[in-house]
2 protein chains.
Amino acid sequence: MIEPSGRRERKKAATRQKIADTALRLFLERGYDDVGIRDVAAEADVAVTTLFSHFAAKEALVFERDQGFERGLVRAVADRVPGEPLIPALRQEIHAMVRHCTAPEAAPVRSLIVSSPALRDYEESMRLRHADALAIAIAAELGVPETSTACRTIARFVIDAFALACEAAEPGDAVDEVFRMIEAAWDASRLA
Amino acid sequence: MIEPSGRRERKKAATRQKIADTALRLFLERGYDDVGIRDVAAEADVAVTTLFSHFAAKEALVFERDQGFERGLVRAVADRVPGEPLIPALRQEIHAMVRHCTAPEAAPVRSLIVSSPALRDYEESMRLRHADALAIAIAAELGVPETSTACRTIARFVIDAFALACEAAEPGDAVDEVFRMIEAAWDASRLA
DNA sequence: TCCAAAACCCTAACGGTTAGTGTTACGGTC
DNA sequence: GACCGTAACACTAACCGTTAGGGTTTTGGA
């Protein structure tokens, strides 16, 4: 009775994708605030309730791909080659994420996000969740309690690096600059 | 034609205060989500539109006093005694802010905020604004461009210290712990 | 073949927020 | 002391995101 194999899954994924694609297209054409949920649903040919069964909020329509970011961060901590130090592994992962977000083909979506306070706030709240997940992963890796202030601090700093680098003129250099500071902070903590 | 002195100002302030007091009382009595804007307006005996002319959003009704935080941070940078190093000055200010937020009499409001995702998100977006303001103040103090990555990084780290300490079991100790890391990060930056 | 669940649809509403349009009360001016 | 501009407030009516309630179709498996 489990394992909903095949067609059902594919159809559901297709519906979800169609909604996301339609939404992004309309947002880019007419602006985020000038496209209503009812517009998106109509254009994607689904009911409004169906749209909300796939996406928790209007803002989520824009951040379809960012689900992998959190997983990537946690993996960068948990699955790194034995003996590899933590911070450089995270630096590498943040580099990849920043490259992804600042790639030329991502520019229209970027400016869409920047132009809407609602989207900016939503993105920041996503980052907070990422930081919490990362803190838990780091704590698990080091064998300290999840509530360890030092772990949570490092996790936040790493997410800050991501956020700041995405807005910097030279994103790659910014990642390195912030990570020099994070490395020092790490050495000054009791975790190193 | 300027200088609206006297009665008008007082009446406006009184209205604002009455709205905020009423709102907080109702929220604490019945829960944030179970009190509507129309309830608050009716109980405070003002029109809904009047309420929104004083407060930008429902969430802002809960964060009436936090306007001073940003000012305090900027002042901690700009008005510190000559020769006093930057980071300890900020540490002191954050200590004061954390004490303020974790004081026993602030507990009901704290738990109100924690219990509502909307309020938590709003608080975090306020902190982002504080970080931006602080970054600008630091940049001005050091005579570097506002967009300096190092300045923005330190500002974010300081705000992180505040957020983490407010949630920690021992807030005061947490501030000191995070600031040891910030101090190291500061020394590793090109600003020190 | 038939069933249970998943996916979907429709309608109607709720609650925060805003636009449009007055009305009052205050402050400064002649 | 009468007068005018404007800030503060009120009322109505809506917009928009979101959800509840309740039904229909599609799918996978027994």
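Just so we're on the same page: letters track the sequence lines, and every chain starts at 1. All heavy atoms count here, side chains included; hydrogens, waters and symmetry mates do not.
Nucleic acid contact for V40(B): none, since no nucleic acid atom lies under 4.0 Å from a heavy atom of the residue. Using a 4.0 Å heavy-atom distance criterion, D34(B) is classed as making no nucleic acid contact. Note on D45(A): only backbone sugar-phosphate atoms sit closer than 4.0 angstrom, heavy atoms only; bases stay farther off.
When each of Y32(B) and S53(A) is assigned the nucleotide of DNA chain C bearing its nearest heavy atom, the one mapping closer to the 5' terminus is S53(A).
For the pair K12(B) NZ and dA25(C) P, the computed distance is 18 Å after rounding to whole Å. One can place NZ of K18(B) at 18 Å from P of dA8(D), the figure rounded to the nearest angstrom. If you take CG of D33(A) and C1' of dC15(D), they are 13 Å apart, rounded to a whole angstrom. At whole-Å resolution of the value, CZ in R38(A) and P in dT18(D) are 10 Å apart. The distance from atom CD1 of I37(B) to atom P of dG16(C) is 6 Å, rounded to the nearest whole Å. To the nearest angstrom, P of dT18(D) lies 14 Å from CD1 of I19(A). We find that CZ of F52(B) is positioned 19 Å from P of dA14(D), with the value rounded to whole Å. In this structure, CD of E9(A) is placed 15 Å from C1' of dT26(D), rounded to the nearest angstrom.
Not one side-chain nitrogen or oxygen of H54(A) sits closer than 4.0 Å to the OP1 or OP2 atom of dA7(C). Within the 4.0 Å cut-off from OP1 or OP2 of dC9(D), at least one side-chain nitrogen or oxygen of T15(B) is found. The phosphate of dC9(C) (OP1 or OP2) has no side-chain N or O of T49(A) nearer than 4.0 angstrom. The shortest distance between the side-chain N/O atoms of R8(A) and the OP1/OP2 oxygens of dT26(D) is not below 4.0 Å. An OP1 or OP2 oxygen of dT18(D) is reached within less than 4.0 angstrom by no side-chain nitrogen or oxygen of K58(A).
A cation-pi arrangement is absent between K58(A) and Y122(A), since the terminal nitrogen or guanidinium carbon is not both under 6.0 Å from the aromatic centre and inside a 45° cone about the axis.
Closest to the side chain of V48(A), from the set dT19(D), dC11(D), dG17(D), is dT19(D). Taking only side-chain atoms of E59(A), from C-beta outward, the nucleotide of dT18(D), dA7(C), dC9(C) with the closest atom is dT18(D). The side chain of K11(A) sits closest to dT26(D) out of dG17(D), dG16(C), dT26(D).
Salt-bridge annotation for K12(B) and E9(B): absent, with no side-chain N of the basic residue lying under 4.0 Å from a carboxylate O of the acidic one. With respect to the salt-bridge test (charged N to carboxylate O, under 4.0 angstrom), the residues E64(B) and R16(B) qualify.
A donor-acceptor contact shorter than 3.5 Å is absent between the side chain of R75(B) and the backbone of D79(B). Without hydrogens or angle criteria, R30(B) side chain to F27(B) main chain gives no donor-acceptor distance under 3.5 Å.
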